[in-house]
Structures are given as structure tokens and as C-alpha cells.
Amino acid sequence: MENTVIALDVGSVRIGVAASDALGITAQALETWTRKGLENDLAHFADLARARGAGAFVLGLPRNMDGSEGQQAADTRAFGDALAARTNLPLHYVDERLTSASAHLALQEGGLKRRAHKAVVDKVAAVLILQTYMSCPARFPAERREPT
């Protein structure tokens, strides 16, 4: 495990954010970032990575139930490419099928009313993505980008 790892659940409107501790044992929800345009988003996550001493990013990759990749997966990969180029940090993708559904279920089981889920579901999904990665990081090859 390399330093802190930051996980992102990338959506078209919001990005859920979670981070590991330095030992890679726990995952904590950090924030739900409302997107403000690609350049602002990239600057925010580059600053966050520096501030937390991040060694890598993990992005949830939204696959279709048959395993294929649709438009949202293509958009996530494009964001990941831009983020890796901006930060020069390794990037890992984790299959996030049913992550949002699992996050909603966990929130419901925790007693949170359904109408209150919107404010936190993205960062809870990011925690689940990060926990998947931390359970066996060797399964997720890094995609490195050269600095531009």
C-alpha cells in the first residue's frame, strides 16, 4: 500500500471522496464534491492529494451488469486520465457495479431516512470502492501517466 489512497466515485454532478489512513487499514468518507468544471475539479483533487500525502487514486469504474463499459465508464476513464496527468500519481480502477445500491442499503440499515441519502451516498460509495481496493491492492494494476 502506498501512503494514503484517495478513492473517488465519479458522477456527472457530484464526486464522492474517501481516503485511507497511511497504513491502508481504514477508509474514511471525506466529502461529496459538487463538480465545478474539469479544471476546477482537477485542481481540487490535486490539492487534496498533496495535502493528504496521497500515493495513488482509486476510481470506481461503472460497468454494465454484463461487464461491458458504457458512456459513464468512458467519462470516468477520461476524468481518470486527466487526473493522472495532472498529479502524476498511479491510478487504479475498481469495478463499482452495485456500489451505490450497497451504499443506499448501508445508510438505510444505519437508520438514515431515504430523503437524506443524497447528501452522503456518494462518499459512502467511495468508501466501499476504497475498501474493495484495500482488500487486495495487487488485483488492481496501476495506470501511470507521464507528466505533461
Side-chain angles (χ1 to χ4, degrees), residues 1-65 69-87 89-143 145:
M1 182 71 55
E2 61 263 311
N3 306 331
T4 298
V5 177
I6 297 175
L8 304 177
D9 179 32
V10 180
S12 58
V13 176
R14 291 178 301 279
I15 299 175
V17 185
S20 72
D21 65 324
L23 297 176
I25 297 170
T26 63
Q28 300 91 27
L30 293 183
E31 66 180 352
T32 298
W33 170 257
T34 301
R35 299 200 64 177
K36 297 171 175 60
L38 183 60
E39 283 305 312
N40 287 327
D41 297 345
L42 295 175
H44 174 73
F45 292 114
D47 290 345
L48 181 65
R50 276 191 298 279
R52 296 194 71 89
F57 282 99
V58 176
L59 275 66
L61 188 63
R63 294 182 181 270
N64 297 320
M65 290 310 288
E69 294 184 15
Q71 186 59 50
Q72 187 61 36
D75 293 347
T76 298
R77 286 191 183 276
F79 181 83
D81 288 346
L83 183 63
R86 171 68 70 94
T87 64
L89 291 175
L91 181 69
H92 308 271
Y93 289 102
V94 172
D95 185 345
E96 70 162 29
R97 279 180 280 190
L98 303 178
T99 301
S100 291
S102 296
H104 279 291
L105 182 60
L107 291 169
Q108 183 178 354
E109 289 176 351
L112 193 64
K113 300 280 187 216
R114 182 77 179 179
R115 65 181 176 272
H117 288 197
K118 184 177 182 180
V120 296
V121 71
D122 297 308
K123 63 184 174 183
V124 172
V127 167
L128 296 174
I129 290 164
L130 185 52
Q131 287 174 334
T132 300
Y133 171 77
M134 290 189 320
S135 69
C136 188
R139 291 186 332 176
F140 305 101
E143 297 186 16
R145 302 288 186 271

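- Taking 4.5 Å as the limit, some side-chain heavy atom of L8 sits within range of a side-chain heavy atom of L83.
- Applying the side chain to side chain donor-acceptor pair (under 3.5 Å) criterion to D47, with sequence neighbours excluded, gives R50.
- Between W33 and N40, the closest heavy-atom pair is CZ2-O, 4.1 Å.
- When all heavy atoms are compared, the tightest approach of M134 to G24 is SD-O, 3.6 Å.
- Note that the CG atom of L91 and the CZ atom of F79 stand 9.5 Å from one another [nearest 0.5 Å].
- Applying the side-chain contact (heavy atoms from CB on, under 4.5 Å) criterion to S12, with sequence neighbours excluded, gives no partner residue.
- Note on residues 37-46: pairs passing salt bridge (charged side-chain N to carboxylate O under 4.0 Å, His left out), not counting sequence neighbours, are R35-D41, E39-R86.
- In this structure, L61 and E69 have side chains that are in contact, with non-hydrogen atoms separated by less than 4.5 Å.
- A search for side-chain contact (heavy atoms from CB on, under 4.5 Å) contacts involving A29 returns K123, V127, not counting sequence neighbours.
- A side-chain contact (heavy atoms from CB on, under 4.5 Å) with V17 is found for exactly one of D9, L30, V10, T32, namely L30.
- Across every non-hydrogen atom of A7 and L130, the tightest pair is CB-CB, 3.6 Å.
- In this structure, CD in E96 is found 4.5 Å from CD1 in I129, a value given to the nearest 0.5 Å.
- With sequence neighbours excluded, the residues forming a side-chain contact (heavy atoms from CB on, under 4.5 Å) with Q72 are P62, D75, T76, listed by chain and number.
- Rounding to the nearest 0.5 Å gives a distance of 5.5 Å between CG of L59 and OH of Y93.
- One distance of note links CG of D21 with CG of N3; it measures 11.5 Å at 0.5 Å rounding.
- In this structure, P90 and G55 approach most closely via the heavy-atom pair CD-O, 3.2 Å.
- What you find for A19 and T4 is that their closest heavy atoms are CB-CG2, 4.1 Å.
- Minimum heavy-atom separation, A49 to L89: CB-CD1, 3.9 Å.
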